[in-house]
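Here the structure comes first, spelled out in structure tokens, and everything after it is commentary.
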Amino acid sequence: MQDSLSSLKKKAEAAKAKKAAYGEDIDLENYDIAPKNAPEAESLEDLDNDLQRTLLSAGVVPTGEGRVGSFLLLDNAVVHRSQKEESIEVMSTQQALKKYNWVNDYYWKAVPPDTDKYTATTFLENADGYFIRALPGTKAKMPVQTCLLLGSRNAAQTVHNIVIVEEGAELEVVTGCTTKPGVEKALHLGISEFYIKKGGKLTFTMIHNWAEQVGVRPRTVVIVGEGATYVNNYVCLKPVKSIQMYPTARLEGKESFGRFNTVAIAHPGSEIDIGSKVVLSAPKARAEIVSRSITTGGKSIARGRLVGEAPGIRAHLECKGLILQENGIQLAIPELEASVPDVEMTHEAAVGKIAKDQIEYIMARGLSETEAVGIIIRGFLEVGIRGIPEELKKEIDKAISATELSLG
Amino acid sequence: MLEIKDLTVEVGGRTVLRDVNLSVMSGYTSVLFGPNGSGKSSLLMTIMGFSEYHVKKGQILFKGEDITHLPMYERAKMGIGIMMQRPPNLVGVKLGDLVRVIEKNTNDLYQLAASLRMEKFLERDVNVGFSGGEIKRSELLQLTAQNPCLYLLDEPESGVDLESIERIGNAIKMLLSGSLGCAGKKSIDGKSALIITHTGQILDYIEADRGYVMCNGTISCSGNPRELLQEIRKRGYEECVKCKIR
Ligand SMILES: Nc1ncnc2c1ncn2[C@@H]1O[C@H](COP(=O)(O)OP(=O)(O)O)[C@@H](O)[C@H]1O
Ligand SMILES: [Mg+2]
């Protein structure tokens, strides 16, 4: 049943103009495919100071301290890759395809290239990205960090990532996506295919730190095996033009578990359409989706979809949105679909403003309204990022402090 | 310390307090009795400055200053602190973090919390899933950090089991009188309080010099708090209501 590369190519060709199911349609003609070449860097510390600061703000540590591996894609060029342990491989997807024949079994096998024009274009560009693999039984003590950096104006970055967590292995990946200072307008297309084998665990944390005119269309599918766990943390607090993504976890092994945590702020002029989907197709699979979003004047769409296809499934979806400014829009779309009787699936959605009694409760302790609102908002978002590494939380705290969170 | 003059207050378009007069002397405690729904909580919330409570007439004087229309956090800064009867849940806000921002110089937060048996709650979200007694202790912990000079305590003993009442009662006693024994010193350095008590149990722990009874949104009588309590225990609040009508 596996499609050969040539038949995939045919499908991709046919889908070159296929509009995506959601989100504003981006005219790809308005962008140049980002450069594929750039000088390599032995260490992320060899990059200039501005760039290092940019990486840091997206949670990527230039010294590589506290990380078992690093990877940097600048535009479409692999600038750096390093690994500290043999059992956790970090390389580029194109390198991996050359090194191991079997990578073809994972290449475009989770995300169909003809999903929409963005996947088709990424396929046809032979896009590169990171390839990370935790060998069987390996338990990584520290995360691998990757950075996807947009470095050229008007560029379209096409990325293709593959992560494989072998049987019984545990891996954490932290990805910072950001733009070089001065790159206001650009486009990011990113395919991610993650595979977690029996008893494995992958924690994937992605921080989006784009610029005001950047369009973002990631396409992610995660295949989760028996007794395996996938945890997805997503954080987007900076202004951006348009994000539309709907990452999907397919729980295909029995007793597997999937969790999506999302924290996002829609600034004026931003439209962020962020969903999380879990398809539970094996017995006793469990899933949890938690989303916390704020609008300070932009449009925030929070989608969530749970699909129950096997007995003994439990899943919960919770999305909450705050409107802090008059012209902000919150749209919460939680969906539950079940095709067998023995499932327990629930959802909870709420949008509105911060409860006044909470603000005043804190003000009664001698704090100003601004301080009180800040505390409540931080708490509101905190619930969405309970699982993420402490140091990243600090970066996020900084970003929250820098955001204008006054009441409209 | 606190003087309420002819205070009339509306909530949601309804008059809940009418011509209320009441005062709390510096270094002393007044208690406020009254049946459910008589307006006791509304009075405390109005003194603190919660925005739902609209003053239609009258004045609130604190330390000689008119604070009737001051924003809430300024009142807090001047030294007014409240223990609410039913404070809201703050999901995602840890009690320890909140206490730290209330009192930036809380050196030994853990010890402070331990004195109220709240050390295990510092990492919990404020009030979320707290029992009645835990809510009161959390309020006391926050108040201790805030260190006001006038305490507004709304039914500190309600919804609390007996053992907790003792702990809470003693904690309040410590907050109010500390180690000050001398009446003269107390009137200068001591804390003042206005305490709402439906049952009067709190009087087993603290000294109060004046009692007020509120009925139907107004003060129906005042006097020695223990004598008032005896009377209320004997005859119930119905008498107070009737008494006022006469
Ligand atoms: N926020 C509010 N909105 C509407 N009515 C209120 C509000 N707060 C209090 N009330 C009403 O005011 C009256 C007095 O309530 P309250 O001050 O809580 O009394 P007490 O504390 O003596 O039991 C009650 O009838 C109550 O329903
Ligand atoms: Mg009350």
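Note that these values count all heavy atoms, side chains included, but never hydrogens, waters or copies made by symmetry.
- Residue Leu381(A): no heavy atom, backbone or side chain, is found under 4.5 Å from chain B.
- Ranked by heavy-atom pairs shorter than 4.5 Å toward chain B, the options Met363(A), Arg365(A), Gln358(A) are led by Arg365(A).
- If you tally non-hydrogen atom pairs under 4.5 Å between each of Met48(B), Arg75(B), Glu52(B), Glu74(B) and chain A, the highest count goes to Met48(B).
- The environment of Lys139(A) atom NZ is dense: over 12 non-hydrogen atoms of other residues, nucleotides or ligands sit within 6.0 angstrom.
- Only the backbone of Phe380(A) comes within less than 4.5 Å of a heavy atom in chain B; its side chain stays farther off.
- Between Pro88(B) and Asp357(A), the shortest heavy-atom distance links the atoms CB-OD2, 3.5 Å.
- For a residue to count as touching a neighbouring chain, one of its non-hydrogen atoms must lie under 4.5 Å from one of that chain's; by this rule Asp125(B) touches chain A with the side chain only.
- Contacts of Ile80(B) with chain A are made by backbone atoms alone, with heavy-atom separations under 4.5 Å and no side-chain atom involved.
- The main-chain N or O of Ala364(A) is found under 3.5 Å from a side-chain atom of Gln146(B) such that the two form a donor-acceptor pair.
- In the displayed structure, Arg124(B) atom CZ is contacted under 6.0 Å by more than 12 heavy atoms of other residues, nucleotides or ligands.
- Across Glu382(A), Glu360(A), Lys356(A), the residue that shares the most heavy-atom pairs under 4.5 angstrom with chain B is Glu360(A).
- Other residues, nucleotides and ligands contribute over 12 non-hydrogen atoms within 6.0 Å of the NZ atom of Lys277(A).
- The number of heavy atoms from other shown groups lying within 6.0 Å of CD (Glu170(A)) is above 12.
- A distance of 9.5 Å separates CD1 in Ile359(A) from CE in Met72(B), rounded to the nearest 0.5 Å.
- Only the side chain of Asn127(B) has a heavy atom closer than 4.5 Å to any heavy atom of chain A.
- Residue Ile362(A) forms a side-chain contact (heavy atoms from CB on, under 4.5 Å) with just one option from Leu90(B), Val126(B), Ile102(B), and that option is Leu90(B).
- Atom OH of Tyr73(B) is surrounded by 12 or fewer heavy atoms from other residues, nucleotides or ligands within 6.0 Å.
- For Arg117(B), the CZ atom counts as loosely surrounded, since its 6.0 Å shell holds 12 or fewer non-hydrogen atoms of other residues, nucleotides or ligands.
- Tyr361(A) contributes atom OH, which lies 13.5 Å from atom CZ of Arg86(B) (distance to the nearest 0.5 angstrom).
- Taking CD1 from Ile375(A) and NZ from Lys94(B), the interatomic distance works out to 13.5 Å, rounded to the nearest 0.5 Å.
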